[in-house]
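Sequence lines set the chain letters: A, B, ... in the order given, protein chains first and strands last, and positions in each chain run from 1. Bear in mind that the values here come from a model prediction, so they are computed numbers and not experimental data.
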Amino acid sequence: MTELSSRYDPHTVEHKWYQHWRQGRYFEPSQAPGKKSFTIVMPPPNVTGVLHVGHALNTTWQDILIRFHRMLGDNTLWLPGTDHAGIHTQMKVDEMLRSQGYDRREMGREQFVQQVWQWKEKYGGEILRQIERLGASVDWSRLRFTMDPGLSEAVTEVFVRLYEEGLLYRGYYITNWCVSCLTALSDIEVDHIDEPGTLTYIRYPLADGAGEITVATTRAETMLGDTAVAVHPDDERWKAYVGKMVRLPLVNRLIPVVADDYVDPQYGTGAVKVTPAHDPNDFAIGDRHHLERLKVIGEDGRMTEAAGAYQGLDRYQARKQVLEDLNALGLVVKVENITHSVGHCEKCGTAIEPLLSLQWFVRIAPLAEPAIEAVRSGAIEFVPPRFEKIYMNWMNNIRDWCVSRQIWWGHRIPAYYCDVCDNIVVSRVPPEHCPRCGGTMHQDDDVLDTWFSSALWPFSTLGWPRQTEDLATFYPTSVLSTAYDIIFFWVSRMIMQGIHFTGQVPFRTVLMHGLVRDEQGRKMSKSLGNGVDPMDVIDKYGADALRIALVLSSAPGNDQRYSAERVEAGSHFANKIYNATRFVLMNLSNRPMAAKDTPSNHLADRWIRYRLNMATRDITSYLENFEFGQAARVIYDFLWDDFCDWYIELAKVRLKSSSERERAIVLRTLVDVEQDALKLLHPFMPFVTEELWHALPHQGDSIMVTRWPREQFVDFNDDDQKQFQALQDLIRGIRNLRAELTLPPSKRADVTIWVDDQVRVDQLQTVQEEIRELGRLSHMTILSRTDDAISKPPHAISQVVSGATIYMPLEGLVDIDKENSRLSKLLETTRAELDRVRRQLADPNFCQRAPQAVVDKARMSEQDLEIRLARLQERLEDLA
RNA sequence: GGGCGGAUAGCUCAGCGGUAGAGCACCUGCCUUACAAGCAGGGGGUCACAGGUUCGAACCCUGUUUCGCCCA
């Protein structure tokens with residue numbers, strides 16, 4: 001790559017290295033004996049889906065962890081897979097077939113499911129290819145799908161066991177029914193949206209003609225299914241009515257007035273209509289009072305036969321009609337406009353109809369208890385910890401889980417019903433005959449909620465219910481990384497099922513990332529059309545740029561905005577280190593390099609190794625604590641600021657002029673430091689680091705299986721730090737003066753530097769070439785202030801830094817006014833700073849209570865500021 | 001109604017007890033043979049507001065305002 005262009009091109013590089021890694025089988029666990037396992041099972045994306053930026057972030061986070069642990073030497077497994085996404089996929093295929101003129105119902109179940117499989121085979125891999133393009137080091141040999149035979153077996157096993165343990169039951173309940181998807185939904189698949197609506201007050205006359213009761217409703221059409229009116233037992237207003245009968249308008253049915261604690265006497269009229277078949281609360285009241293459950297709205301959202309004259313009307317038409325008819329009878333007291341929360345199907349957006357239907361439910365309380373305990377005890381940890389509260393709050397109020405779905409695509413419920421008697425058999429294998437009466441049996445038509453299989457994902461993917469080697473080695477898994485919006489859907493259910501069926505927690509750490517919003521801070525959504533396609537971004541900037549941009553702006557649990565600017569900055573960074581490597585390689589050609597670990601006494605060499613050490617320490621610790629953004633920032637700053645802007649610039653001096661031995665040592669340092677820095681960067685930007693690592697002298701086949709850098713002993717003490725600081729201060733001071741005079745870099749300048757003590761003079765002599773080069777100087781004189789022979793340069797502008805005054809002599813006259821105001825300004829800020837420090841030190845409380853190191857630092861700072869102040873005053877006097 | 005999170009430079013965000021940071025934008029000067037996707041220098045912030053704790057608060061506590069999310 002020595003001869004290559006000055007621009008890094010990610011596209012030629014990324015595909016190549018991904019193939020290289022796969023061929024080397026580096027994604028598979030090392031299975032090295034004695035090494036501890038580190039496992040992540042990837043949250044399975046929908047098999048029909050495409051990657052969005054949220055996936056990209058989550059995938060990058062996981063890849064960072066995985067690559068980090070692999071380099072630490074752990075037996076590392078990242079297991080990929082996809083989810084069959086029942087309702088979503090069925091809708092998608094259904095839509096496609098309809099556009100081709102086919103009807104799912106005419107086609108029949110078997111044919112349709114076959115079509116879905118075909119569709120899945122054809123299009124289902126898209127998202128996996130996208131994960132690949134991100135550079136995800138997942139073990140493709142262990143790829144799983146929720147409807148694989150093994151995973152399906154796990155689903156059946158769990159269903160049967162739960163049934164046998166009495167944790168699964170079938171019953172009539174009010175479920176969230178989507179009249180468009182034609183299936184029941186669990187509570188959390190319903191989105192509640194505030195909508196304007198009307199609250200209609202309706203008079204129900206008493207059957208005996210001795211009065212009436214007014215009730216209020218937002219869904220007037222349900223009154224056709226009322227089977228009671230309820231009031232609070234202590235409500236004096238209605239006490240006399242309890243036990244009487246009311247004549248239900250429009251249908252003329254006689255229904256009782258019942259007393260029930262559920263009714264809030266403060267709300268509305270204190271009397272409520274009771275529709276047990278169409279409202280969960282009414283259902284409960286109906287249960288307590290043994291009321292009839294009259295279903296007036298059907299599965300298709302139209303009124304049933306029980307709705308009498310309204311049969312066949314759509315629910316909204318019926319509402320309108322009922323209101324008109326009631327009005328005509330003068331039974332509407334008033335209509336209030338209100339805002340109320342209406343449930344909508346998460347998948348299709350249709351308003352949910354609470355409907356009485358026969359469904360399978362998981363009895364959740366017994367499963368929840370140990371799952372709560374696992375988090376309480378710390379066996380499972382949330383990062384950041386505040387999500388623990390959200391989890392607990394949900395788990396403590398959890399309700400039974402409706403798991404049956406009236407669709408065809410998914411795991412069919414392994415329950416069989418006798419065609420003759422009412423026997424139900426739940427079984428791993430289909431029974432041939434009813435064990436009770438010998439009659440024929442048929443399987444339940446419904447399939448299970450997709451989350452039912454997802455809940456088993458951490459162990460079903462590893463082979464459960466079989467006791468496989470993988471299960472023994474990699475379970476419990478280490479980290480689950482996911483977005484916080486599926487704590488309820490998925491995380492909690494995995495914890496419950498994991499503990500119940502394996503006796504162990506499914507993972508130790510739950511790592512939460514936030515939502516990636518668009519550049520305006522809005523949620524990305526299909527309807528807004530504001531989604532960013534990660535593939536477009538990769539096409540334009542490369543996967544590394546996208547990864548580092550996402551990671552740099554992420555913090556656990558926090559939402560972030562997608563920023564094209566940041567991605568661009570990321571690509572610039574890749575280009576920067578590419579060019580740094582080009583520089584090293586150009587110098588490396590035909591020149592000897594010292595043997596590895598040849599010690600160097602040079603201040604700059606020791607400094608960069610010291611900085612590398614600090615970076616290594618910080619990055620390692622940040623990664624251990626899931627602070628990916630912080631870790632990325634450290635390596636970014638190290639490479640750009642310390643390595644490129646300072647070390648390489650300093651190294652140039654010795655590469656040009658010194659002895660061969662010195663050059664060899666500089667090259668060695670450049671290569672050693674860059675190699676380690678590339679390793680530290682590798683989890684974040686795997687492609688460019690692999691490319692550059694290969695370009696540099698190296699041993700081995702891939703950076704991804706090298707050992708993670710460790711902190712090493714570096715001889716660099718406090719005084720070394722001060723020396724280097726002095727070097728930087730001087731160079732900056734000189735550059736500052738140059739800028740004052742707007743000197744172009746091509747124009748060399750002269751300076752005289754007065755240093756406050758002799759020791760520092762000697763030290764600076766050793767790096768005077770560096771100062772000269774980085775300050776673009778021709779002549780430089782370093783003098784000790786203690787030297788009697790010195791005299792001030794007559795015409796010069798000057799800069800005061802810690803421990804030194806820099807004079808830049810001018811050929812012409814110094815602009816006294818300009819110089820005066822510049823130095824005065826500096827003097828003022830210096831004085832203000834000094835005042836602050838003095839005030840602090842004058843406070844006995846500070847000196848007594850603050851840590852010694854802080855007090856010492858303040859004292860040093862005071863001394864330094866005092867000297868600088870004096871120097872500045874001196875200069876101003878000279879100018880006067 | 002309950003809970004959670006955000007409010008820091010013009011914009012987007014880090015920092016979360018010891019003298020305010022980054023990217024982008026802005027101003028000045030540079031094609032200084034690794035990089036103009038760059039280099040050097042510079043301007044810009046009573047860290048939402050009010051109290052409190054502390055020697056010391058952007059950071060901890062309390063309250064207020066405001067934006068957003070989750071749950072009922």
Side-chain angles (χ1 to χ4, degrees), chain A residues 2 4-9 187-188 191-192 341 384 386-390 392-394 397 484-485 487-488 514-515 517 519-523 541 545 548-549 552-555 557-587 627 629-630 632-633 636-637 640-641 644-645 648-649 651-652 655-656 670 731-748 773-776 829 832-837 839-851 853-855 857-858 861 865:
Chain A
T2 326
L4 286 186
S5 82
S6 61
R7 288 187 173 201
Y8 172 65
D9 176 17
D187 293 338
I188 49 181
D191 288 334
H192 292 273
S341 173
R386 66 184 141 91
F387 287 101
E388 195 177 296
K389 260 188 249 170
I390 293 170
M392 286 298 187
N393 187 44
W394 159 256
N397 297 298
Y484 59 71
D485 57 353
I487 292 179
F488 310 139
L515 268 45
R517 298 167 173 280
E519 305 216 34
Q520 278 95 54
R522 298 171 305 181
K523 219 166 163 172
Y541 297 105
I548 196 78
L552 274 170
S553 44
S554 70
N558 287 2
D559 288 359
Q560 63 184 287
R561 294 185 193 204
Y562 170 79
S563 156
E565 257 173 19
R566 264 183 200 271
V567 180
E568 210 179 329
S571 73
H572 292 179
F573 179 55
N575 188 56
K576 183 75 182 173
I577 56 176
Y578 166 83
N579 274 294
T581 310
R582 227 161 51 95
F583 170 80
V584 174
L585 293 174
M586 284 166 75
N587 283 284
E627 297 276 4
Q630 300 272 66
R633 209 158 289 119
Y636 185 96
D637 290 344
W640 203 308
D641 299 342
C644 291
D645 287 350
I648 286 184
E649 293 307 319
K652 281 177 181 173
L655 285 173
K656 267 182 210 161
L670 280 165
I731 291 168
R732 288 200 182 106
I734 293 165
R735 285 170 170 172
N736 183 274
L737 286 178
R738 296 181 58 97
E740 279 304 319
L741 299 170
T742 58
L743 288 182
S746 51
K747 191 153 186 189
R748 295 271 168 169
E773 272 312 305
L774 270 62
R776 313 289 302 168
T829 56
E833 236 175 293
L834 180 60
D835 283 351
R836 200 186 314 129
V837 176
R839 235 176 297 134
Q840 202 171 32
L841 285 167
D843 183 351
N845 276 320
F846 172 75
C847 298
Q848 274 168 22
R849 302 197 190 188
V854 175
V855 179
K857 207 176 146 196
S861 171
L865 288 164

**Student:** When the distance from CG of A:N579 to C1' of B:rC39 is rounded to whole Å, what number comes out?
**Tutor:** 13 Å
**Student:** From B:rG18, B:rC35, B:rG68, pick the nucleotide closest to the side chain of A:R582?
**Tutor:** B:rC35
**Student:** What is the ring orientation for A:F387 with A:Y484, classed by angle as parallel under 30°, tilted 30 to 60°, or perpendicular over 60°?
**Tutor:** parallel
**Student:** Scan A:D645 against the nucleic acid and name what it touches under 4.0 Å (heavy atoms): base, sugar-phosphate only, or nothing.
**Tutor:** sugar-phosphate
**Student:** Starting the side chain at C-beta, find the nucleotide from B:rU32, B:rC69, B:rA37 nearest to A:P745.
**Tutor:** B:rU32
**Student:** How far does the C1' atom of B:rU8 sit from the matching atom of B:rG21, given to the nearest Å?
**Tutor:** 10 Å
**Student:** Nearest of B:rU28, B:rA37, B:rU32 to any side-chain atom of A:R776?
**Tutor:** B:rU32
**Student:** Should the side chain of A:R735 and the base of B:rA40 be counted as holding a donor-acceptor pair, with the cut-off at 3.5 Å?
**Tutor:** no
**Student:** For the side chain of A:R561 and the base of B:rU12, is some donor closer than 3.5 Å to an acceptor across the two?
**Tutor:** no
**Student:** Return yes if the base of B:rA34 and the side-chain atoms of A:E649 contain a donor-acceptor N/O pair under 3.5 Å, otherwise no.
**Tutor:** yes
**Student:** Less than 4.0 angstrom from a charged side-chain N to a carboxylate O is my criterion; do A:E833 and A:R836 meet it?
**Tutor:** no
**Student:** Identify which nucleotide among B:rC35, B:rA37, B:rG23 has an atom closest to any side-chain atom of A:K576, counting heavy atoms from C-beta outward.
**Tutor:** B:rC35
**Student:** Let's see if you can work this out: which of B:rA34, B:rC30, B:rA14 has an atom nearest to the side-chain heavy atoms of A:Q630?
**Tutor:** B:rA14
**Student:** With rounding to the closest Å, how many angstrom separate the P atoms on B:rA50 and B:rA58?
**Tutor:** 13 Å
**Student:** Which nucleotide wins on minimum distance to the side chain of A:R566, given the candidates B:rC35, B:rA40, B:rA22?
**Tutor:** B:rA22
**Student:** May I ask you to say what A:C847 touches in the nucleic acid, namely base, sugar-phosphate or nothing, with a heavy-atom cut-off under 4.0 Å?
**Tutor:** nothing
**Student:** Can you measure A:K652 atom NZ to B:rU33 atom P for me and round it to whole angstrom units?
**Tutor:** 8 Å
**Student:** Regarding A:R386, tell me which of base, sugar-phosphate or nothing describes its non-hydrogen contacts under 4.0 Å with the strands shown.
**Tutor:** sugar-phosphate
**Student:** Side chain of A:N736 only, please: which of B:rG42, B:rU19, B:rA34 is the nearest?
**Tutor:** B:rG42
**Student:** Of all the choices, B:rA37, B:rA34, B:rG18, which nucleotide is nearest to the side chain of A:A850 once you look at every atom?
**Tutor:** B:rG18
**Student:** Would you classify A:A569 as touching base, sugar-phosphate or nothing, given that sugar-phosphate means primed atoms plus P, OP1 and OP2, and contacts are heavy atoms under 4.0 Å?
**Tutor:** sugar-phosphate
**Student:** Name the closest nucleotide to the A:M586 side chain, picking from B:rC39, B:rA34, B:rA37.
**Tutor:** B:rA34
**Student:** Suppose you measure atom P in B:rG10 against the same atom in B:rC4; what distance do you get, rounded to whole Å?
**Tutor:** 32 Å
**Student:** Output the single nucleotide from B:rG41, B:rC24, B:rA34 whose closest atom is nearest the side chain of A:E565.
**Tutor:** B:rC24
